[in-house]
Amino acid sequence: MGMMPKRVKFRKMQRGKRRGSASRGAVMAFGEYGLKALENKYFSDRQIEASRVALMRNLKGGGKVWIRVFPDKPITKKPAETRMGKGKGDPSHWVAVVKKGKILFEMEGIPIEVAKECFRIAAHKIPFRTKFITRTMHV
């Protein structure tokens, strides 16, 4: 299994609303370049891992990467061919709730062209629209 919390207070969580924009995690904090979300969506543990692997593979050993999202919301699923009722299903996987404006990944120590290309490839693994940003954009 991909990323998940070590322990949680409650096993199951309500869905909640995915609207509005990120107030926290919307400003570059660590690196030179970043990848910013342009939509409100769930970002699953597997998708985070896939995009992280794609990033790392294209960095070819150089640079430093920060992952600014963590899947801390359990998503439940009822077994196949189960009748309605009988309570909420068991947790099946974990997601990070991503709001527009949230910075997903940050990177430093590489040329801007390389960073752009890395993020472009990683963005193919992400289920929503993203945007490449640099530190100088919003200082």
Side-chain angles (χ1 to χ4, degrees):
M1 188 139 185
M3 293 157 65
M4 63 184 284
K6 287 190 183 75
R7 54 191 298 272
V8 288
K9 194 168 181 182
F10 300 107
R11 278 179 64 233
K12 299 172 183 179
M13 206 184 263
Q14 290 186 327
R15 283 192 180 88
K17 296 272 190 290
R18 276 173 298 180
R19 55 182 181 216
S21 47
S23 52
R24 307 178 68 136
V27 177
M28 297 270 287
F30 306 102
E32 274 315 295
Y33 315 111
L35 195 63
K36 185 183 241 187
L38 297 179
E39 293 177 89
N40 298 343
K41 283 275 165 63
Y42 284 154
F43 196 7
S44 81
D45 49 358
R46 286 182 177 177
Q47 291 160 346
I48 293 171
E49 183 59 19
S51 46
R52 185 195 67 81
V53 167
L55 261 186
M56 294 306 196
R57 190 166 295 148
N58 290 284
L59 271 178
K60 301 188 173 58
K64 181 162 172 48
V65 173
W66 288 268
I67 305 171
R68 298 280 308 270
V69 284
F70 186 81
D72 56 357
K73 185 184 184 76
I75 298 294
T76 61
K77 187 99 174 76
K78 295 186 101 165
E81 298 176 18
T82 307
R83 290 187 177 185
M84 291 285 103
K86 305 265 190 292
K88 194 170 165 83
D90 289 319
S92 71
H93 63 282
W94 295 82
V95 298
V97 178
V98 171
K99 299 212 167 163
K100 59 174 173 282
K102 173 87 171 163
I103 293 174
L104 311 168
F105 297 99
E106 290 188 31
M107 210 193 287
E108 73 172 15
I110 49 168
I112 188 166
E113 296 77 26
V114 181
K116 253 186 181 152
E117 181 60 12
C118 285
F119 280 140
R120 190 187 67 80
I121 291 162
H124 284 301
K125 314 285 179 197
I126 299 177
F128 45 84
R129 291 181 304 122
T130 56
K131 180 185 178 186
F132 176 81
I133 58 166
T134 61
R135 172 79 85 176
T136 52
M137 277 181 174
H138 55 281
V139 168

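Worth saying up front: this structure is predicted, and the values here are computed from it rather than measured.
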Visitor: Does the pair Asp90 and Arg11 meet the rule for a side-chain contact (heavy atoms from CB on, under 4.5 Å), with working shown?
Guide: CA-CA 9 Å; Asp90 289 319; Arg11 278 179 64 233; 3.3 Å; yes
Visitor: Applying a strict under-4.5 Å side-chain criterion to I, L, V, M, F, W and Y, I'd like to know whether Ile121 and Val53 cluster together.
Guide: no
Visitor: Please check if the number of heavy atoms outside Lys116 that lie under 6.0 Å from its NZ is greater than 12.
Guide: no
Visitor: Got a sec: does the CZ of Arg18 have more than 12 other heavy atoms crowding it under 6.0 Å?
Guide: yes
Visitor: As an exercise, state the distance from CD1 of Ile103 to CH2 of Trp66, rounded to the nearest 0.5 Å.
Guide: 12.5 Å
Visitor: Examine Leu104 and Val95 and state if one hydrophobic cluster contains both, with Ile, Leu, Val, Met, Phe, Trp and Tyr joined whenever side-chain heavy atoms are less than 4.5 Å apart.
Guide: no
Visitor: What's the verdict on salt bridge (charged side-chain N to carboxylate O under 4.0 Å, His left out) for Glu49 and Arg52, showing C-alpha distance, side-chain angles and the deciding distance?
Guide: CA-CA 5 Å; Glu49 183 59 19; Arg52 185 195 67 81; 2.7 Å; yes
Visitor: Main chain of Ala54, side chain of Lys125: is a donor-acceptor contact present, judged purely on distance under 3.5 Å?
Guide: no
Visitor: Looking at every heavy atom in both Thr130 and Ala123, which two are closest together, and how far apart are they?
Guide: OG1-CB, 3.6 Å
Visitor: Going hydrophobic residue to hydrophobic residue with side-chain gaps under 4.5 angstrom, can you get from Val97 over to Ile126?
Guide: no
Visitor: Would you say that more than 12 heavy atoms from the other residues, nucleotides or ligands in this model lie under 6.0 Å from the NZ of Lys77, or not?
Guide: no
Visitor: Measure from the side-chain N and O atoms of Lys73 to the backbone N and O of Arg15, and report whether any donor-acceptor pair falls under 3.5 Å.
Guide: yes
Visitor: Could you tell me whether the side chain of Lys41 reaches within less than 4.5 Å of the side chain of Pro127, counting heavy atoms only?
Guide: no
Visitor: Using the rule that Ile, Leu, Val, Met, Phe, Trp and Tyr join whenever any side-chain heavy atoms are under 4.5 Å apart, tell me whether Val65 and Tyr33 fall into a single cluster.
Guide: yes
Visitor: For a 4.5 angstrom cut-off between non-hydrogen side-chain atoms, does Val8 reach Met13?
Guide: no
Visitor: Hey, is the main chain of Phe30 close enough, under 3.5 Å, to the side chain of Glu106 for a donor-acceptor pair?
Guide: yes
Visitor: Quick one: pull up NZ in Lys100 and CG in Asn40 and give me the separation to the nearest 0.5 Å.
Guide: 5.0 Å
Visitor: To the nearest 0.5 Å, what is the distance between CD1 on Ile48 and CH2 on Trp94?
Guide: 12.5 Å
Visitor: Provide the closest heavy-atom pair for Gly101 versus Ala22 in the form atom of the first, atom of the second, distance.
Guide: C-CB, 4.2 Å
Visitor: Rounded at 0.5 Å granularity, tell me how far CZ in Arg68 sits from CZ in Arg24.
Guide: 11.0 Å
Visitor: Evaluate the side-chain contact (heavy atoms from CB on, under 4.5 Å) criterion for residues Met56 and Leu59: first the C-alpha distance (whole Å), next the side-chain angles of each, then the deciding distance (0.1 Å), finally the verdict.
Guide: CA-CA 5 Å; Met56 294 306 196; Leu59 271 178; 4.2 Å; yes
Visitor: If the condition is side-chain hydrogen bond (donor to acceptor under 3.5 Å, both in side chains), which residues does Glu108 pass it with, not counting sequence neighbours?
Guide: none
Visitor: Would you name the heavy atoms of Ser51 and Phe43 that are closest together and state the gap between them?
Guide: OG-CZ, 3.6 Å
Visitor: On a heavy-atom basis, which atom in Ala122 and which in Leu55 lie closest, and how many Å separate them?
Guide: CB-CG, 3.8 Å
Visitor: Checking the side chain of Ser21 only, and the main-chain atoms of Lys99 only, is there a donor and an acceptor separated by less than 3.5 Å?
Guide: no
Visitor: Can you name the nearest heavy-atom pair linking Met3 to Val69, along with the distance?
Guide: CE-O, 3.8 Å
Visitor: If you compare all heavy atoms of Pro71 against all heavy atoms of Pro5, which two are closest, and at what distance to 0.1 Å?
Guide: O-CD, 3.4 Å
Visitor: Could you state the interatomic distance from CE (Met107) to CD1 (Ile112), rounded to the nearest 0.5 Å?
Guide: 11.0 Å
Visitor: Rounded to the nearest 0.5 Å, what separates atom NZ in Lys9 from atom CZ in Arg7?
Guide: 10.0 Å
